[in-house]
Structure formats: C-alpha cells, structure tokens
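Down below is the structure, laid out as structure tokens.
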Amino acid sequence: MKSNNKKAFTLIEVLISITLFTIIILFLYQALDITQKSNNFYSEKLEIKQNENDLKKMFFLDFINKIDNKITLESDKNKNTIIKFKSINIYHNPFYTYITYLVSRESNLIRIESKSEFKSKNLSDDFFDSSYIDIIYNNINKFKIEKKDNNIYIYIY
C-alpha cells in the first residue's frame with residue numbers, strides 16, 4: 001500500500017489563509033485608526049485646558065505681583081473691560097511695568113506690557129515703540145472684570 005502523505009498546501013487552503021489574514025489586518029487597521037482619532041481628540045482637549053491654565057496663571061501672577069493697589073477698569077465700545085495696573089510680573093522688559101488687558105477688534109484677548117500707561121483715547125506711535133503686545137487668547141465674545149469686596153472676578157467667554 002502506498003501512503004498518501006500531504007507535503008504542500010492546496011490552492012484553496014492558501015486562498016483561505018490569505019483571506020483570513022487580510023480580514024485580521026483590516027480590523028487591526030480600523031482599531032489603530034480609531035485609537036489615533038481618539039488620541040488626537042484628547043490631545044486637542046488637553047492643549048485647550050493647558051492654555052486655559054496658563055492664562056489663569058498669567059492673570060494670577062500679574063495681579064499678585066501688582067506694585068500698588070491702583071487698578072483701573074474701563075469699558076470699550078463693546079462693553080468689554082479694559083484693565084490697567086502696574087506689576088512686577090514682567091515677561092519682556094523689567095522696566096515695562098504697566099500691564100493692560102483688553103479685547104482687540106479681531107476678538108483676541110491681548111496683554112500689553114508697556115513703559116507708560118495705556119490710554120485708549122491718545123495712542124501714539126511712541127506707545128507702540130515702547131510696548132510688547134501678546135495675544136493670549138482667541139475668539140473672545142466677552143471679557144469682563146468686576147471688583148467686589150477687594151476681590152477681582154474675571155469672566156472670559
């Protein structure tokens with residue numbers, strides 16, 4: 001009697017194994033794609049939270065390091081608050097102690113660090129030559145500051 005030993009795969013077995021392998025690869029690719037989208041989503045959320053925390057920290061350090069208790073609050077034509085004070089929390093130049101926060105026409109919250117006090121009615125080129133302007137937050141609808149009972153409340157939305 002002859003023994004019929006099988007030493008190779010048939011074409012059907014090879015096609016079935018390739019098909020199963022392809023299906024497994026497709027599922028793995030979909031899982032990887034979902035994981036990547038999830039990571040991107042949470043990375044964006046984390047960056048937003050970090051920016052908000054940096055903004056809170058900047059406000060806090062500016063206010064905690066203010067030189068005197070004089071804080072000037074004004075309103076612009078859109079009823080956003082313009083706040084002005086002196087602080088030793090300086091990022092650019094140690095001699096530029098005047099700090100101003102305001103909302104620009106493009107709805108950006110701006111921090112101005114300047115040598116002289118910001119005067120919205122009498123702005124000159126000299127003022128901009130001796131100041132640093134930082135955009136610290138985008139897409140601001142309203143920036144409002146209230147001072148009640150020696151506390152300062154800041155609303156940004």
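This is a predicted model, so every value here is computed, not measured.
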All heavy atoms of Thr19 vs all of Leu15, minimum pair found to be OG1-O, 2.8 Å

Between OG of Ser114 and CD1 of Ile99, what distance do you get to the nearest 0.5 Å? 7.5 Å

Apply ring-ring contact (aromatic ring centres under 6.0 Å, His included) to the pair Tyr91 and Tyr132, showing each step before the final yes or no. CA-CA 9 Å; Tyr91 293 103; Tyr132 293 93; over 10 Å; no

If every non-hydrogen atom of Ser131 is compared with every non-hydrogen atom of Ile112, which pair is closest and at what distance? CB-CG2, 4.1 Å

When rounded to the nearest 0.5 angstrom, what is the spacing between OG1 in Thr72 and CD in Glu117? 5.5 Å

Kindly check if the number of other-residue, nucleotide or ligand heavy atoms within 6.0 Å of CG (Leu28) is above 12? yes

Main-chain N/O of Ile34 paired to Ser38 side chain as donor or acceptor, under 3.5 Å: no

Going from CD1 on Ile145 to OG on Ser75, what distance comes out if it is rounded to the nearest 0.5 angstrom? 10.0 Å

Determine yes or no for a side-chain-to-main-chain donor-acceptor pair under 3.5 angstrom, with Ser130 supplying the side chain and Asp126 the backbone. yes

Show the nearest heavy-atom pair for residues Ile110 and Ser104, with the distance to one decimal. CD1-CB, 3.3 Å

Side chain of Asn80, backbone of Phe143: donor and acceptor closer than 3.5 Å? yes

Under 4.5 Å between side-chain heavy atoms, hopping through other hydrophobics if needed: is there a path connecting Ile133 to Leu102? yes

By the salt bridge (Lys or Arg N to Asp or Glu O under 4.0 Å) test, which pairs, at least two apart or in different chains, include something from residues 56-75? Asp62-Arg111, Glu74-Lys84

Tell me, with the steps shown, if Glu146 and Lys144 meet salt bridge (charged side-chain N to carboxylate O under 4.0 Å, His left out). CA-CA 7 Å; Glu146 294 179 357; Lys144 187 174 181 183; 3.4 Å; yes

Is Phe60 reachable from Tyr101 through a run of hydrophobic residues whose side-chain heavy atoms are each under 4.5 Å from the next? yes

Answer yes or no: is there a donor N or O on one side and an acceptor on the other, between the side chain of Glu13 and the main chain of Thr10, under 3.5 Å? yes

Lys142 side-chain N/O to Asn78 backbone N/O, donor-acceptor pair under 3.5 Å: yes

Non-hydrogen atoms of Ile140 and Asn108 that approach each other most closely: CG1-C, 4.4 Å

Is the distance between the ring centroids of Tyr98 and Phe85 less than 6.0 Å? no

Please check this pair: side chain of Asp134 against backbone of Ile136, looking for a donor-acceptor N/O pair closer than 3.5 Å. no

